[in-house]
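Input: a single structure, listed below in structure tokens.
Reckoned from all heavy atoms, side chains included, excluding hydrogens, waters and symmetry mates. Ligands are counted one by one from 1 in listed order, and the atoms in each one are counted from 1 as well.
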Amino acid sequence: MTTTSTHRFNRLLLTGAAGGLGKVLRLRLKGCAEVLRISDISPMSPAISPQEEIVPCDLADKSAVHALVEGVDAIVHFGGVSVERPFEEILGPNICGVFHIYEAARRHGVKRIIFASSNHVIGFYKQDQTIDAHAQRRPDSYYGLSKSYGEDMATFYFDRYGIETVSIRIGSSFPEPQNRRMMSTWLSFDDLTQLVERALYAPNVGHTVVYGASNNLNVWWDNRFAAHLGFEPKDSSEVFRDKVEAQPMPAANDPNMVYQGGAFVAAGPFGGE
Ligand code: NAI
Ligand code: 15L
């Protein structure tokens with residue numbers, strides 16, 4: 001998908017630019033801004049055009065994040081720990097990091113943030129339940145808790161300072177669904193791109209929570225509270241069904257077959273106690 005947007009933003013910040021989704025968005029968001037400032041703690045490949053600014057940064061470092069955010073109009077915040085880890089490893093990048101991003105946004109006048117939240121905010125719902133954005137959160141991991149905290153941060157900074165956020169509870173965004181669970185949670189890169197663009201450009205989003213899934217046959221998430229974004233996923237995991245169903249059938253009580261969050265619900269405890 002190519003963007004149809006004009007250069008609405010002067011300078012757009014993308015965090016997590018060295019990651020799986022960051023690499024995709026780095027290429028696909030370039031039409032959204034005069035300058036795309038990309039950042040990560042991990043090495044990033046050299047600038048692909050003069051339009052890119054590469055700014056390495058540790059999200060846990062408050063002053064570095066404040067310098068990173070200075071001069072940007074909007075933030076696509078995809079950086080951080082993206083899987084379940086011991087709490088101490090999540091704390092700096094995800095919990096302190098999201099605070100640093102919002103506080104820097106306040107200080108530097110940024111008005112819109114797109115937050116890469118996760119289905120692991122609601123991972124303890126069962127796969128036979130359909131939930132909307134108002135369903136009580138049921139985080140399935142320290143990682144899911146950190147994303148839940150990020151969503152609360154977004155609500156607070158909108159209520160207190162008017163900074164708007166779209167929190168995208170991404171399902172599973174990979175080139176292809178990797179297992180049966182992902183037949184429901186899969187979000188294609190084209191649909192991810194469309195959703196991030198809608199989130200950047202839709203007016204008056206306040207703090208909107210939207211589930212990020214493609215137009216899959218069996219989706220567990222109802223996006224009616226995010227209808228104002230105009231997100232219309234085009235892809236479907238159905239084209240991968242034969243390949244996925246060629247995998248051995250897991251046991252009926254395998255978390256990947258029971259819970260929306262899959263294996264994350266069974267991770268830990270850490271530390272051997
Ligand atoms: P990823 O792990 O490939 O990328 C995350 C990036 O964040 C990495 O490049 C990493 O170096 C960077 N990072 C980690 N700690 C950092 C720190 N202290 N300071 C600065 N950067 C740091 O993950 P992926 O798949 O690209 O996901 C991107 C975002 O979307 C993450 O926030 C993840 O939680 C979220 N997400 C992704 C899903 C998916 O299916 N890919 C599903 C749900 C949420
Ligand atoms: C996530 O939040 C992770 O970042 C990603 O690596 C996948 O595990 C995804 O959720 C998923 O639930 O499939």
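- Across the listed options Tyr143, Phe174, Phe189, Tyr143 owns the non-hydrogen atom lying nearest to atom 34 (O) of ligand 1.
- Checking only distances, Phe78 does come within under 3.5 Å of ligand 1, N or O to N or O.
- The residue among Gly79, Gly171, Ser172 with a heavy atom at the shortest distance from atom 42 (C) of ligand 1 is Gly171.
- The contact set between ligand 2 and Phe264, taken as ligand atoms under 4.0 Å from a residue heavy atom, comprises 8 (O).
- Cation-pi geometry between Arg198 and Phe231 is not satisfied (NZ or CZ under 6.0 Å from the ring centre, within 45° of the ring normal).
- A donor-acceptor contact closer than 3.5 angstrom links the side chains of Glu151 and Ser117.
- There is no side-chain donor-acceptor pair under 3.5 Å between Thr165 and His207.
- One option in Leu68, Val65, Val81, Asp58 has a heavy atom closer to atom 18 (N) of ligand 1 than any other, and that option is Asp58.
- By the 3.5 Å distance cut-off applied to N or O atoms, Gly80 is counted among the residues near ligand 1.
- Contact annotation: Ser39 has no heavy atom less than 4.0 Å from any atom of ligand 1.
- Of all the atoms in ligand 1, the ones that sit under 4.0 Å from a non-hydrogen atom of Ser117 are 43 (C), 44 (C).
- At a 4.0 Å cut-off, not a single heavy atom of Lys23 sits close enough to ligand 1 to count as contact.
- At a 3.5 angstrom cut-off on N or O pairs, Pro93 does not count as close to ligand 1.
- At a heavy-atom distance under 4.0 Å, only side-chain atoms of Phe174, from C-beta outward, approach ligand 2.
- Interface atoms of ligand 1 facing Ile170, defined by a heavy-atom separation under 4.0 Å, are 30 (O), 36 (N), 38 (C), 42 (C), 43 (C), 44 (C).
- For Met182, the closest heavy-atom approach to ligand 2 falls below 4.0 Å.
- Side-chain N/O atoms of Thr185 and Ser172 include a donor and acceptor closer than 3.5 Å.
- Of the options Glu53, Arg26, Lys23, Lys30, a side chain to side chain contact (heavy atoms under 4.5 Å, CB included) to Ile38 is made by Arg26 and by none of the others.
- Not a single heavy atom of Ser173 lies less than 4.0 angstrom from ligand 2.
- At under 3.5 Å, a nitrogen or oxygen of Tyr143, whether backbone or side chain, sits near a nitrogen or oxygen of ligand 2.
- For Arg181, the closest heavy-atom approach to ligand 2 falls below 4.0 Å.
- Listed by number with element, the atoms of ligand 1 under 4.0 angstrom from any heavy atom of Leu59 are 17 (C), 18 (N), 19 (N), 20 (C), 21 (N).
- Under a 3.5 Å cut-off, the side chain of Glu197 and the backbone N or O of Cys32 do not form any donor-acceptor pair.
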Would you please test Phe156 and Tyr149 for ring pair (Phe, Tyr, Trp, His ring centres under 6.0 Å) and show each step?
-> CA-CA 10 Å; Phe156 170 67; Tyr149 177 77; over 10 Å; no
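- By heavy-atom distance, the residue among Cys57, Ser146, Ser173 lying nearest atom 20 (C) of ligand 1 is Cys57.
- The atoms of ligand 2 that sit less than 4.0 Å from any heavy atom of Asn119 are 10 (O), 11 (C), 12 (O).
- Residue Lys147 has at least one nitrogen or oxygen atom sitting less than 3.5 Å from a nitrogen or oxygen atom of ligand 1, judged on distance alone.
- Lys126 has no carboxylate O lying under 4.0 Å from a charged side-chain N of Asp128, or vice versa, which leaves the two without a salt bridge.
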